[in-house]
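Below is one structure, written out as structure tokens; comments come after it.
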Amino acid sequence: ILVCTPLLSMYGKCGSIVEAEDVFGTLPHRDIVAWTAMMSAYNEQGQGEKALKLYGLMQIYGVSPNELTCVCAFQACAILADTEKVAKNGSAARIGHALHADSSFRGFASDAHVGTAILSMYAKCGALEEVENVFNGLLRRDTVAWNAMLTAYMDLQQGLNTLFLYKEMRQQCVTLDDGTMVCLLQACSLIGSLETTRQLHFAAVFAGYEQIPSVSSTLVDAYGGCGNMVDASTFSNELCEPDLVFWTACLCVYSGQGDAMASMVILEEMKLASNKVDEVVLTLVLASCSHTGLVAEGLEYFYLMNADRSISINLKHYGILLDLFGRVGDFKRIFSILEELPMEAD
RNA sequence: AGAGGUGGGUGUUA
């Protein structure tokens with residue numbers, strides 16, 4: 001069991017959920033750690049429902065949850081709420097309340113990790129009041145808890161509150177980490193606060209965070225969201241290793257601005273930096289072409305990337321292609337795409 | 001430490 005549990009955990013993190021299930025299934029005796037690891041594996045793959053079922057099953061088998069298990073349960077519930085969104089009735093919220101009551105009863109709710117997990121779960125359920133109650137009730141607030149609260153305000157469209165919270169963090173001398181930067185920059189992008197973006201940019205450089213991939217990408221997001229895109233190539237020159245997500249964030253901004261030329265320049269820069277290109281890049285390049293009416297170019301990129309085995313074309317790509325042809329009134333090609341669609345349309 | 005909390009890019013409504 002000491003070998004199999006890390007193994008299934010590994011499988012879960014690699015996305016090999018079937019293998020993880022196999023390992024879990026062959027365990028003769030499942031202790032709390034194994035159950036928790038399997039739940040975590042489901043969570044990693046966004047299978048909140050399965051994780052929650054496992055949580056119930058575990059207790060039928062007479063195994064009681066501990067703090068770590070509860071964290072996984074709350075994560076699972078958060079995933080459920082996130083995927084439920086428009087579709088349903090708030091059943092995730094009801095499950096969440098029940099889980100919350102249960103872990104309070106067990107005395108786990110005061111655990112720092114559990115508390116943060118509960119907070120995030122309520123945020124995904126859209127329950128602002130519960131979120132604030134949990135945050136105020138936390139005995140000790142570490143950076144992750146503050147970050148979770150920042151993210152919660154973000155999720156709940158409370159852009160200004162996010163910035164107020166940031167102020168409070170500084171007043172209370174909370175340690176800011178790269179996660180804090182990312183949350184705040186996302187808020188800046190959301191509310192279009194250029195001034196704060198600049199402040200954070202400075203703070204990030206000062207703290208040495210700007211080289212962290214998640215931070216540099218979010219900086220691009222933030223500047224883009226403020227309609228103040230810095231010259232991406234200048235910015236990228238300051239980075240040691242601009243990664244795929246960084247370039248994609250640039251593409252996203254340019255594509256949103258309808259600047260197809262800039263998008264193509266980015267593509268070239270990516271080639272120079274020998275960065276890979278993936279399906280997300282393709283959606284943005286196509287969108288760029290579509291917005292600018294560059295039919296031939298769009299098609300060319302599509303075929304080019306279609307030939308690349310490492311890029312899996314999905315329905316979004318076809319959607320944009322249809323849009324591209326729709327804008328120039330080429331219904332012939334629209335129908336032929338629809339006829340030859342290699343997957344089911346949504 | 002055999003399991004755990006927050007955080008980075010993706011279309012259509014031009």
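Reckoned from all heavy atoms, side chains included, excluding hydrogens, waters and symmetry mates. From a predicted model like this one, the values you see are computed outputs, not experimental measurements. Every chain is numbered from 1 and lettered A, B, ... according to where its sequence line falls, protein lines coming before strand lines.
Within the nucleic acid shown, A/A41 has no heavy atom closer than 4.0 Å to any nucleic acid atom. Looking at heavy-atom distances under 4.0 Å, A/I320 makes contact with sugar-phosphate atoms alone, never a base. Nucleic acid contact for A/D177: none, since no nucleic acid atom lies under 4.0 Å from a heavy atom of the residue. Residue A/A112 is classed as a base contact, given a heavy-atom separation below 4.0 Å to a base. In this structure, A/N43 reaches neither bases nor backbone, as no heavy-atom distance under 4.0 Å exists between it and the strands shown. Counting any heavy atom pair closer than 4.0 Å across all strands shown, A/L150 reaches no nucleic acid atom. Across all strands shown, A/G256 has heavy atoms under 4.0 Å from base atoms, whether or not it also approaches the sugar-phosphate. When heavy atoms are screened at a 4.0 angstrom cut-off, A/P6 is found touching the sugar-phosphate backbone but no base atom.
Within the structure, ring pair (Phe, Tyr, Trp, His ring centres under 6.0 Å) pairs that include any residue of residues 292-314 of chain A comprise A/F302-A/Y318 (at least two apart or interchain). Note on residues 183-217 of chain A: pairs passing ring pair (Phe, Tyr, Trp, His ring centres under 6.0 Å), not counting sequence neighbours, are A/H201-A/Y223, A/H201-A/F235. Pairs passing the ring pair (Phe, Tyr, Trp, His ring centres under 6.0 Å) check and including a residue from residues 140-182 of chain A, sequence neighbours excluded, read A/F135-A/W146.
At a threshold of 4.5 Å between side-chain heavy atoms, the hydrophobic network of Ile, Leu, Val, Met, Phe, Trp and Tyr places A/Y11 and A/L27 in one connected group.
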Expected list for residues 277-288 of chain A: side-chain donor-acceptor pairs under 3.5 angstrom, two or more places apart:
{"residue": "A/D278", "atom": "OD1", "partner": "A/V280", "partner atom": "N", "Å": "3.1"}
{"residue": "A/D278", "atom": "OD1", "partner": "A/V281", "partner atom": "N", "Å": "3.0"}
{"residue": "A/T283", "atom": "OG1", "partner": "A/V280", "partner atom": "O", "Å": "2.5"}
{"residue": "A/S288", "atom": "OG", "partner": "A/S263", "partner atom": "OG", "Å": "2.7"}

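Side-chain atoms of A/Y122 and A/I118, non-hydrogen and from C-beta on, do get closer than 4.5 Å to each other. With contacts defined as side-chain heavy-atom distances shorter than 4.5 Å, the pair A/T151/A/D155 qualifies. Side-chain atoms of A/L54 and A/F24, non-hydrogen and from C-beta on, do get closer than 4.5 Å to each other.
Under the rule for a side-chain contact (heavy atoms from CB on, under 4.5 Å), the partners of A/C188 that lie at least two apart in sequence or sit in another chain are A/T196, A/T197, A/L200, A/A222. Evaluation of the side-chain contact (heavy atoms from CB on, under 4.5 Å) rule for A/I95 yields A/L52, A/C77, A/L80, A/L99 as partners, not counting sequence neighbours. Applying the side-chain contact (heavy atoms from CB on, under 4.5 Å) test to A/D243 and every residue at least two apart in sequence or in another chain returns A/P213, A/S217, A/V245, A/F246. When the side-chain contact (heavy atoms from CB on, under 4.5 Å) test is applied to A/F331, the partners found at least two apart in sequence or on another chain are A/I334, A/F335.
The stretch residues 181-198 of chain A touches RNA chain B through A/V182, A/C183, A/Q186, each having a heavy atom under 4.0 angstrom from the strand. Near RNA chain B, meaning a heavy atom under 4.0 Å from it, residues 50-67 of chain A has A/N66, A/E67 in order of number.
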- Task: Taking Watson-Crick and G-U wobble pairs with both distances under 3.5 Å, convert RNA chain B into its dot-bracket string, 5' to 3', dots for unpaired and | for cross-strand pairs.
- Result: ..............
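Of all nucleotides in RNA chain B having an atom under 4.0 Å from a heavy atom of chain A, the first and last in 5' to 3' order are B/G2 to B/A14.
Ion pairing of A/E268 with A/K271 is present here, as a side-chain N (NZ or NE/NH1/NH2) and a carboxylate O approach within less than 4.0 Å.
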